[in-house]
Amino acid sequence: MQTPRTKIADALRLDPPQAGLRVKGWLRTNRVSKQVVFLELNDGSCFANIQAVCGEELANLEEIRHFTTGSAVEIVGELIASPAKGQRVELRATEVKLIGRADPSYPLQKKRASFEYLRSVAHLRVRTNTFGAVFRTRSTLAQAVHRFFQERGFYYVHTPIITAADCEGAGEMFNVTTFDVGAPARGDNGKIDWHQDFFSRPTYLTVSGQLNGETFALGLSDIYTFGPTFRAENSNTPRHVAEFWMIEPEMAWYDLDDDATLAEEFVKHLLRTALSECSEDLAFFNDRIDPGLVARLEHVVNSGFERMRYAEAVERLQASGQSFEFPVFFGANLQAEHERYLTETIVGRPVFVLDYPKEIKAFYMRRNDDGRTVAAMDLLVPKIGELIGGSQREERLDVLEETIKEAGLDAETYSWYLDTRRFGTAPHAGFGLGFERLLMYVTGMENIRDVIPFPRTPRNCDF
Ligand code: 4AD
Ligand code: MG
């Protein structure tokens, strides 16, 4: 009987000697010298490769010499203490088998390829050091999201992907239809007749699960969502994708301050998890992607986030003497340049900006007593800008009806949402954290396209 496969991560932790170890993976490099061949194998279970030394006792040594980079290979051997520097242990191969040959045109040869190029081979890039590290970290942090909320008694809610409501009221939605787009059903007036479409009304991919999440919070008290969301905004920036994953907790009985406190704990929990559970991958990011990363994350975990009202943020930006491309004034939507200057230069760490003017925020945010601001918060962090957007929600039925009207939204579409304010309304608050933005922050990767497996951006839906 064959010995079972050992994952490389487990093999590298064993104490030598260990005979008859079987590993399987993809060949990273093949170094050929006169009598021996060194194979570096990686199976994705950890950052490190295992080195296998193949000597003349192997009958197929000549074949092994010609193994190409990227090939799938199986190796049986004895794990021994490595006599050379660079690794604690290595495999002295007793049996080496080619499972799947990589054609020499394999695009990931040893030379360092640019991230831009690697995006064009997104189906293969997970086999590189950088992307293996990114996607292991992504998986670990996804679990950490659930752990954080489950430990606090929050329920996980699966909110719908297809919806008729525009949560953010920004009109940046993708249509969902079964119409033949070239010949949709039309009414007598020549206009598209949505009654004949699948849902008998116009429908879209959701931009946020919040409105559905609110209805669950007003019954289960503490809930969260974690799922894909979609934005048809034509933003070609390193921080925007058309499909991204968002985590949206929603809490009954919370006000804006409670909301910010939870958001701060949540971000710190995720950073702490990355530091402790992804230390090997983070060491690589620190070394090769973003020098100082680990020290910066440790500092953030150990310091309080600043809280500043929007009005003060505007004053301090104006007083900074910095010349911005976009003007800063009370009522202006803060641009990425303002957000980054605030968190990086003025504050020097993460900062919550609170109480934005009502004109630049969504209809569901609670109106403050000053008549001109809403109980909104954005969390801004160095290098990224906006990581979180949230608010206390408008729980007063009459005010909410008014803001829906002001936003030019169709009250009928939101009647179920208004019911929550009609039947036992209660103060509540929540926020949304963009999972890819968080991953950029944790890994130091500078382009959001490089922290999501298959990015969707304007004019790009490959793979
Ligand atoms: O600020 P946003 O639009 O807030 C909401 O959607 C609320 N419904 C959240 C809530 O209160 N429950 O988006 C929240 C976060 C942003 O702070 C950002 O991190 C991320 O989602 N985000 C994007 N990430 C990548 N690409 C995009 N196009 C994004 N748009 C927003
Ligand atoms: Mg926002």
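The shown structure was predicted, so the numbers you read here are calculated from the model rather than taken from an experiment. Counting starts at 1 for both ligands and their atoms, following the listed order.
- The shortest separation from a heavy atom of E250 to ligand 1 is not under 4.0 Å, leaving the residue out of contact.
- For R372, the CZ atom sits in a loose shell: 12 or fewer heavy atoms of surrounding residues, nucleotides or ligands are nearer than 6.0 Å.
- Counting heavy atoms closer than 4.0 Å to ligand 1, residue F244 contributes side-chain atoms (C-beta onward) but none from N, CA, C or O.
- Atoms of ligand 1 lying under 4.0 Å from any heavy atom of E233, numbered from 1 in the order shown and given with element: 27 (C), 28 (N), 30 (N).
- In this structure, F435 does not count as a contact residue of ligand 1, since none of its heavy atoms falls inside 4.0 Å of the ligand.
- Comment: E280 does not engage R13 in a salt bridge, judged by the lack of any side-chain N to carboxylate O separation of less than 4.0 angstrom.
- Among all non-hydrogen protein atoms, the one lying nearest atom 15 (C) of ligand 1 is G432 O, 3.6 Å.
- Nearest N/O/S atom of E386 relative to the Mg ion (ligand 2): this is OE2.
- Looking only at heavy atoms of the protein, atom 17 (O) of ligand 1 is closest to E386 OE2, 2.6 Å.
- The ligand atoms of ligand 1 that sit less than 4.0 angstrom from a heavy atom of R393 are 10 (C), 11 (O), 12 (N).
- Applying the 4.0 Å criterion to heavy atoms of Y364 picks out, from ligand 1, the atoms 7 (C), 8 (N).
- Among R231, Q210, E172, the residue whose heavy atom sits closest to atom 3 (O) of ligand 1 is R231.
- The closest approach between any non-hydrogen atom of E214 and ligand 1 is not below 4.0 Å.
- Ligand 1 places these atoms under 4.0 Å from at least one heavy atom of G389: 1 (O), 9 (C), 10 (C), 11 (O), 17 (O).
- For Y156 and F216, the ring centers are positioned 6.0 Å apart or more.
- Ring geometry for F226 against H146 counts as tilted: the plane angle lies between 30° and 60°, on a 0 to 90° scale.
- Using a cut-off of 4.0 Å between Lys/Arg side-chain N and Asp/Glu carboxylate O, E339 and R437 are scored as not salt-bridged.
- Only the backbone of I388 comes within 4.0 Å of ligand 1, judged by heavy-atom distances.
- Closest protein heavy atom to atom 19 (O) of ligand 1: L387 O, 2.9 Å.
- The residue E436 has no part lying near ligand 1, judged by heavy-atom distances below 4.0 Å.
- The contact set between ligand 1 and G390, taken as ligand atoms under 4.0 Å from a residue heavy atom, comprises 11 (O).
- In this structure, N189 places its CG atom where more than 12 heavy-atom neighbours from other residues, nucleotides or ligands lie under 6.0 Å away.
- Scanning the protein for heavy atoms near atom 26 (N) of ligand 1, the closest one is V241 N, 3.1 Å.
- In terms of N/O distances under 3.5 Å, ligand 1 is not approached by V207.
- Two rings, from F148 and F154, have their centers 6.0 Å or more apart.
- A salt bridge links E250 to R393: at least one charged side-chain nitrogen sits closer than 4.0 Å to a carboxylate oxygen.
- Residue R437 places a heavy atom under 4.0 Å from ligand 1.
- With a heavy-atom cut-off of 4.0 Å, H240 touches ligand 1 through backbone and side chain alike.
- Centroid-to-centroid, the aromatic rings of Y364 and Y417 stay 6.0 Å apart or farther.
- Looking only at side-chain heavy atoms (C-beta outward), L41 and L27 come within less than 4.5 Å of each other.
- Within ligand 1, counting atoms from 1 as listed, the ones closer than 4.0 Å to a heavy atom of I448 are 25 (C).
- Looking only at heavy atoms of the protein, atom 14 (C) of ligand 1 is closest to M246 SD, 3.4 Å.
- The protein heavy-atom contact nearest to atom 5 (C) of ligand 1 is E168 OE2, 3.4 Å.
- Distances below 4.0 Å separate heavy atoms of E248 from the following atoms of ligand 1: 7 (C), 8 (N), 9 (C), 10 (C), 12 (N).
- Considering NE2 of H338 and CD of Q322, their distance stands at 9.5 Å, rounded to 0.5 Å.
- Between F174 and Y204, a ring centre-to-centre spacing not shorter than 6.0 Å is recorded.
- Side-chain atoms of R307 and T261 include a donor-acceptor pair closer than 3.5 Å.
- Note: M377 CE to L256 CG = 6.5 Å, rounded to the nearest 0.5 Å.
- The residues K7 and D43 are annotated as not salt-bridged, no charged nitrogen and carboxylate oxygen being separated by less than 4.0 angstrom.
- Under a 4.0 Å criterion applied to the non-hydrogen atoms of R239, ligand 1 contributes the atoms 25 (C), 26 (N).
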